[in-house]
Amino acid sequence: MTPAVDTRPVLSRRLLAGRGALPEPVEVGVGPVGTGELRIRAAYSLISPGTELHYLDRLMGTGETFPLGYCSAGTVEAVGPGATGFAVGDRVTAMGWGEATHGDVVVVPYRLCRRVPDTVHLADAVVANLAATAVHAVDRAELRPGDEVAVVGAGMVGLLIAQTAAAAGHRVTVTDLHAGRLRTAGALGVPVWETPFPPGPPAPAGSSRCVFLCGTGEASDTLAQAARWASRAPVRPRVVGVGRFAARVEFSVDLGNLDLRYAARCGAGYRDFAYARGYTDVTPPRGQATVTENLQRALDLIADGAIRPDRMGLPRLPLEQAADAYAELRGRPAHPAVVFAYEPAEESRT
């Protein structure tokens, strides 16, 4: 039976970038759901610091405004035609740049949504949307059994990559110049290096190493250190970029046999209007998956306890404190991100 489409107008708060150095909430109207879309009453949304601070800086002074956010979780209020597998009342996690924005009510393509098990708190489930980026990055690395992994940058994505790789059975170490971020990694049970790439013996014969670079800014020296560490393993050393950074690479035989890769976004079909709404399908490259599959895999890792949002020290704040939240994130506090809370009643769920 085709669900009835709710065409009633709905008001929602939105967090806009572009009016100043920090975002501000405004009230906007939300239109009816279209084909392949869900309207969701948000309980939580998650700041993705690297991406959102980048757009705040980019839009400031241009006169252009844009709604921030792409990670939301809440309850389905309306189901559009063709949005199969969902019903009003479902608890879901939802993603999508310009769609699963920071706000009370969002309209999101159904292929960018997954149902949340009753055993998972929505404040934890919202992390699955950014964890899909980590799942995709680990796929891009093509890790093999026994690979040793180093993660540079204990921000949100770095910590999620570390937990994802550890769940796959790899020996993982995280390094960061921020002592507070390393304590957060330690709370997750991930070993840390206080000094990036400390000297040590070469890796055993037949082994391989992979480095994930998850930082921002200028990273030429970091990339060089990562290449040297990875190349001390005899089999297929790799460096995978994930964050927004710049680095100069001097290609020569001194670099050794090294694979350099970049992992963008979170899987095939992301930012594809037709795929996200079910008009078309996509075929991922071998060894990779669609954004829908990666979102489900990330949610499964949370449900299984392999990814622990509850140990990441994420503050929960009302949207009215957004300016304070972003200002603090610019200073790289010990907590790697912030969750906005829209429905305090959800806090009591177990």
Side-chain angles (χ1 to χ4, degrees), residues 128 130-154 157-176 185 188-193 196-215 219 222-243 247 249 251 253-268 283-302 304-308:
L130 201 53
T133 299
V135 169
H136 175 62
V138 172
D139 281 352
R140 289 278 298 138
E142 294 186 288
L143 298 178
R144 299 176 182 178
D147 282 2
E148 185 178 357
V149 174
V151 178
V152 180
V157 171
L159 293 175
L160 291 169
I161 287 175
Q163 292 172 88
T164 300
H170 299 284
R171 183 156 57 96
V172 181
T173 307
V174 172
T175 184
D176 196 296
L188 295 167
V190 180
V192 301
W193 286 329
F197 304 106
S207 64
S208 182
R209 286 176 171 174
C210 178
V211 180
F212 291 92
L213 297 183
C214 304
T222 302
L223 175 57
Q225 293 178 55
R228 284 194 295 270
W229 180 82
S231 295
R232 298 194 75 192
V235 179
R236 198 169 164 271
R238 277 143 294 154
V239 174
V240 180
V242 186
V249 181
F251 288 101
V253 294
D254 294 334
L255 190 63
N257 293 312
L258 179 73
D259 289 354
L260 295 175
R261 298 188 176 189
Y262 191 82
R265 297 175 180 159
C266 44
T283 301
R286 186 179 65 181
Q288 298 179 38
T290 66
V291 58
T292 311
E293 292 166 330
N294 287 339
L295 181 55
Q296 185 63 57
R297 292 163 66 194
L299 187 58
D300 290 344
L301 287 168
I302 292 172
D304 292 342
I307 289 178
R308 296 295 304 268

Quiz item: Picking from Val192, Val174, Leu213, Val240, what satisfies side chain to side chain contact (heavy atoms under 4.5 Å, CB included) with Val151?
Solution: Val174

Quiz item: Run the side-chain contact (heavy atoms from CB on, under 4.5 Å) check on Arg308 and Gln163 step by step: do they pass?
Solution: CA-CA 8 Å; Arg308 296 295 304 268; Gln163 292 172 88; 4.0 Å; yes

Exercise. Decide yes or no on side-chain contact (heavy atoms from CB on, under 4.5 Å) for Leu223 and Val249, but give the supporting numbers first.
Key: CA-CA 8 Å; Leu223 175 57; Val249 181; 3.2 Å; yes

Polar side-chain atom of [X] near backbone of [Y] as donor-acceptor pair, under 3.5 Å:
{"X": "Gln296", "Y": "Thr292", "result": "no"}
{"X": "Gln288", "Y": "Gly267", "result": "no"}
{"X": "Asp147", "Y": "Arg144", "result": "yes"}
{"X": "Asn294", "Y": "Cys266", "result": "yes"}
{"X": "Ser208", "Y": "Val235", "result": "yes"}

Ion pair check, [X] and [Y], cut-off under 4.0 Å:
{"X": "Glu142", "Y": "Arg261", "answer": "yes"}
{"X": "Arg297", "Y": "Asp139", "answer": "yes"}
{"X": "Asp259", "Y": "Arg236", "answer": "yes"}

Quiz prompt | Between CG on residue Leu260 and CZ on residue Phe251, distance to nearest 0.5 Å | solution = 5.5 Å

Quiz item: Would you say the side-chain atoms of Ser231 and Arg209 include a donor-acceptor pair closer than 3.5 Å?
Solution: no

Quiz item: Are Thr290 and Glu293 close enough that a side-chain donor and a side-chain acceptor fall under 3.5 Å?
Solution: yes

Tell me the closest heavy-atom pair linking [X] and [Y], and the distance in Å.
{"X": "Cys214", "Y": "Gly158", "answer": "SG-CA, 3.8 Å"}
{"X": "Phe212", "Y": "Val242", "answer": "CD2-CG2, 4.1 Å"}
{"X": "Ala298", "Y": "Ala128", "answer": "CB-O, 3.5 Å"}
{"X": "Cys210", "Y": "Ala141", "answer": "SG-CB, 3.9 Å"}
{"X": "His170", "Y": "Val149", "answer": "CB-CG2, 4.1 Å"}
{"X": "Val211", "Y": "Ala230", "answer": "CG2-CB, 4.3 Å"}

Practice problem: Under the side-chain contact (heavy atoms from CB on, under 4.5 Å) rule, what do Thr133 and Leu160 come out as? Steps first, then yes or no, please. | Solution: CA-CA 9 Å; Thr133 299; Leu160 291 169; over 6 Å; no

Practice problem: Could you tell me how the ring of Trp229 sits relative to the ring of Trp193: parallel (under 30°), tilted (30 to 60°) or perpendicular (over 60°)? | Solution: perpendicular

Self-check item: Neighbour count >12 (heavy atoms, 6.0 Å) for atom CG, Asn257
Solution: no

